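Since we're looking at a predicted model, the values are computed, not measured.
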Amino acid sequence: ISSVSAWAVQTEAFFYMSVDGKMLGGSNLPDTLVRWIETPEPADSMLNITDAEAEHMFGADLAYMFIDLDGNESTGFMIGGAESAVTIVGKDGKILSSKAYAFVNSTWSFTGSVDAAIDGYRLEVGAAFESLGMTVEGMYHVTFMAQDWRCAEDFASVSLPAGILS
């Protein structure tokens with residue numbers, strides 16, 4: 001990850017991440033090297049995921065925005081104390097999945113789709129506060145994570161004052 005940013009306008013949050021290599025480039029893999037799981041939820045060292053159990057995202061890269069909603073890193077998910085997350089999955093420079101999740105009772109639950117766009121090395125994401133569990137009065141800590149198809153990871157963090165541009 002070479003740079004990250006987060007900002008809010010009215011009731012929408014926006015996230016930006018750039019990388020030194022190719023954003024969501026992924027890799028073409030032989031079937032014998034493929035890793036995949038059936039459930040599409042954020043996780044540490046996330047495996048490749050799909051919307052349909054029959055479809056595998058062979059060699060996909062992932063980008064995450066983990067959002068600490070309560071300002072307490074000891075609660076929520078193990079990465080940044082997140083109670084909310086955005087997960088972007090892609091390969092060959094194309095977005096395959098863009099979703100928001102809530103972490104409640106140690107389980108990730110889908111809360112809605114998010115808008116996302118990429119070019120060669122940058123990712124931009126927009127999501128409604130409602131799907132992320134955010135409010136205009138909040139100040140949030142966001143941990144960005146990029147993970148390639150081999151599970152190599154990089155992290156960066158930034159604060160998001162939700163009410164500053166509302």
Side-chain heavy-atom pair Y16, S3 within 4.5 angstrom cut-off: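 Sidechains of S3 and Y16: in contact.
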Note, Y140 side chain near T135 side chain (heavy atom, < 4.5 Å):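 Of all side-chain heavy-atom pairs linking T135 with Y140, at least one is under 4.5 Å.
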Is [X] reaching over with its side chain to a backbone N or O of [Y], donor-acceptor style, under 3.5 angstrom?
X: Y101; Y: T107; result: no
X: D68; Y: H141; result: no
X: S131; Y: T111; result: no
X: D148; Y: R150; result: yes
X: D70; Y: N72; result: yes

Residues Q147, M145; criterion side chain to side chain contact (heavy atoms under 4.5 Å, CB included); working and verdict: CA-CA 6 Å; Q147 184 184 72; M145 180 175 127; 3.8 Å; yes
Residue pair L96, L24: steps toward the side chain to side chain contact (heavy atoms under 4.5 Å, CB included) verdict: CA-CA 10 Å; L96 303 174; L24 302 179; over 6 Å; no
S2 side chain to S18 side chain, donor-acceptor N/O pair below 3.5 angstrom: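 Short answer, yes.
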Whether W108 and F103 hold their rings parallel, tilted or perpendicular, with breakpoints at 30° and 60°: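 Judged by the thresholds at 30° and 60°, the geometry between W108 and F103 is tilted.
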Parallel, tilted or perpendicular: ring planes of F77 versus F66, cut at 30 and 60 degrees: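 Judged by the thresholds at 30° and 60°, the geometry between F77 and F66 is parallel.
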Shared hydrophobic cluster for V104 and Y64 (ILVMFWY, side-chain gaps under 4.5 Å):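 No, because V104 and Y64 fall into different hydrophobic clusters, even though each may have its own neighbours under 4.5 Å.
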